[in-house]
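Report on one structure; see the data block that follows.
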Amino acid sequence: MSIFEGTKGYVASPELMDSVNIAIALKKPLLIKGEPGTGKTMLAESVAEALGKKLIIWNIKSTTKAQDGLYMYDTIQRLYDGQFGEGGVDDIAHYIKLGKLGEAFDSEEQVVLLIDEIDKADLEFPNDLLWELDQMEFYIGETKRTVKAKHRPIVIITSNAEKELPDAFLRRCIFHYIEFPGKELMEEIIKVHFPEVEEHLLNEAMDVFYQIRDIRDIRKKPSTSELIDWINALQIGGIPYGQIKAKLPFIGVVVKKDEDLEQTVHHNFQ
Amino acid sequence: MTLGEWLDLENALDSGLIGGQLSRFYYGARMILVKSETDYDKYDEAFEECFSAVKKDTEIGTEMLRWLDKSDLMQLAEQEARDHLNKMEGEGIIIDKEDVEQKFKQRLKDQDSEHNGGSFWIGTMGKTSFGNTGGNIGGVRVGGATGYQSAFAVIGAKKYRDFRDDRVMTNRQFQLAFRRLRQFSSRLDTPERELDIDKTVDETCNQGGVLKIEMRKPRKNSVKLLLLMDSGGTMIPYSSLLNDLFQAVNKSNHYKEVKCYYFHNCIYSHLYKTPECENGDWVETKWLFRNTDKDYKVIIVGDAAMAPEELYSDTGNYRGPNDGLSGEEWLKSLKRHYKKIVWLNPKMAPGNAPWREAETAVKQMFPMYKLTVSGLDKAMIKLMETR
Ligand SMILES: Nc1ncnc2c1ncn2[C@@H]1O[C@H](COP(=O)(O)OP(=O)(O)OP(=O)(O)O)[C@@H](O)[C@H]1O
Ligand SMILES: [Mg+2]
């Protein structure tokens, strides 16, 4: 059995790694929740990389339906082909295109399937997938073919907003909530991205960053990716020692809403 | 929690994946049994209660922790629970999960001497995936210098308290309540009046190009929201509540349109763009009427606590202009303009207290609900009623 132990470019807490391994061992989807930018999407990439498996990403949008993940029947192409006398029109299988889930099932090797931001879809969406995720198969009515997973994919599902997912769906998942990284962990994450970062710049920037997150009534708390962008900007900008707190250079990279910007600029950073 | 999840936990224990350390068990069991961060705090409480013996007396505690790390105590406890379960199943009795838990705990308590069997905690696979936490393992980064935090350190920090959903009102509850608006909107009994392009194309193609029109119910959320919030003096204690509400509405980008304005005590000729309610930083109420149609669902949040003249006098607005109309008349014009308005009140006294004249009057104008989980729910249902 393959065991996930993280990758160089991704900092995972031990319990996060455990969650992946437990999900793999129990053959269950892993549901990952957490604030934006806590590395939910990246986890799947890291798992695929660490285990040397192909990653298939199914990005969920508000219009996505469960069927989209299974297969699509391209009737238009078939009509065209029929009108222009192309061959193969009788073979419907020709016009069946597998969706991401279908692709994952049909793969010759075990893959990692990321269902990203499942909460974007309709409330009923997760329920519509229960059977397929349980049985790892589905039926194509048009061709009377059953697509069955040759190798059970490792399924990682992310959810962003604090939206209710159906109980029946939750029962089938291993669930882990990624907490917003504390300073120690954050430092490691930053160093993964900028191994050469100057200590004082890092410390000062992190200080300000966490204080911004603590400002009362801030509308959008800045996330890890914003801190990364900011540190990048600060490095390029060559900000002299001790100036970050006082001048808040490039702060627009961290705080994006006007209201928040105003609060931040007037905040007294310690 | 269901029986299936409980069995999953057993499986995980069997595979040795969550053994080795109490803290590892803490996280592992949580992942399998608890499916929402809002329940983490309750899990902590249960966990603490169950393992409090370990924590209470430091001397015994350390001993027990050391012992837990390598003993088959858990295995025995688990075996007990499993036997119990099987037996009941055999007798065709419905399994009471509390009963199983009870047994499990009891077994833990009863255990008072060190049983040395196989090193169950180290894992039946002969190895754990992370031999030593912290630092680098073969180029692998394990986050946090200390590796696993002690389970009790996690519990002690009470850091999941904020996620609990039985507190008065949380951001999450706002969001859930607002999702109601959407859920109902997709279930409206509307006729099939939208062209289902995909289906039409499919059907047409299947008929060799002979057009066959397919219709469907509109799927999109057509709800438009107007949020008007009181940020006057008496509302200050609720400012973070209002902020949560604002965030919930803004986060759930499921509405066709969301507009948000503020007022001070009562609505007059102008609505402010920010909670600070600074004169000048506003829109005219009439402008709003021109730019929002009657289908906007209006949610007014306020305590309706004001002096009678603030409501009834046409010079009652002591902070800004009245423009010839009293607060009451402005509210009435709001009522005339929009089809659906609800009023959410964080304070709301029951009944019609005579000394709260203004509140009583407002209550007669708009359906008013207390700003609690159930009140909000009722208000959302009211907003979505057809008619
Ligand atoms: N643990 C981590 N290790 C390394 N980089 C990280 C980690 N967490 C976050 N990052 C950085 O933050 C960025 C955002 O991460 P990612 O897109 O995975 O977050 P997310 O949780 O999926 O966010 P969203 O909810 O917005 O989709 C990544 O591109 C990466 O640069
Ligand atoms: Mg993501």
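This is a predicted model, so every value here is computed, not measured. Just so it is clear: chains get the letters A, B, ... in the order the sequence lines come, proteins before strands, and each one is counted from 1. Heavy atoms only: backbone and side chains are in, while hydrogens, waters and symmetry mates are out.
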Counting only heavy atoms not in A:Glu262, do more than 12 fall under 6.0 Å of its CD? no
Looking at SG of B:Cys205 and CD of A:Gln77, how far apart are the two atoms once the value is rounded to the nearest 0.5 Å? 10.0 Å
So, taking the atom named OG in B:Ser15 and the one named CD1 in A:Ile24, what distance separates them when rounded to the nearest 0.5 Å? 11.5 Å
Min side-chain heavy-atom separation A:Glu179-B:Glu37 under 4.5 Å: no
Measure the NZ-CD distance between B:Lys273 and A:Glu259 for me, rounded to the nearest 0.5 Å. 12.0 Å
Go through A:His176, A:Arg172, A:Arg78 and name the one with the most non-hydrogen pairs under 4.5 angstrom from chain B. A:His176
Are there over 12 heavy-atom neighbours, none belonging to B:Leu211, within less than 6.0 Å of that residue's CG? yes
Tell me, do A:Asp18 and B:Arg24 make a side-chain contact under 4.5 Å, heavy atoms counted? yes
Tell me, for A:Ile218 versus chain B, whether the close heavy atoms (under 4.5 Å) come from the side chain, the backbone, both or neither. backbone
Is it the case that more than 12 heavy atoms not belonging to A:Lys256 sit under 6.0 Å from its NZ atom? yes
Mark yes when over 12 heavy atoms from residues, nucleotides or ligands other than A:Phe194 sit less than 6.0 Å from its CZ; otherwise mark no. yes
Please classify the contact between A:Ile22 and chain B as side chain, backbone, both or neither, with a heavy-atom cut-off of under 4.5 Å. both
Measure the CG-CG distance between A:Leu26 and B:Leu7 for me, rounded to the nearest 0.5 Å. 11.0 Å
How long is the gap from CG on A:Leu165 to NZ on B:Lys35, to the nearest 0.5 Å? 11.5 Å
Look at B:Asp8, B:Asp198, B:Val34 and state which one has the largest set of heavy-atom pairs under 4.5 Å with chain A. B:Asp8
Spacing of CZ belonging to B:Arg30 relative to CD1 belonging to A:Ile174, to within rounding of 0.5 Å: 13.0 Å
For the pair B:Tyr40 (side chain) and A:Tyr177 (backbone), establish whether a donor and an acceptor sit closer than 3.5 Å, ignoring hydrogens and angles. yes
Using heavy-atom distances under 4.5 Å, tell me whether A:Tyr73 contacts chain B through its side chain, its backbone, both, or neither. both
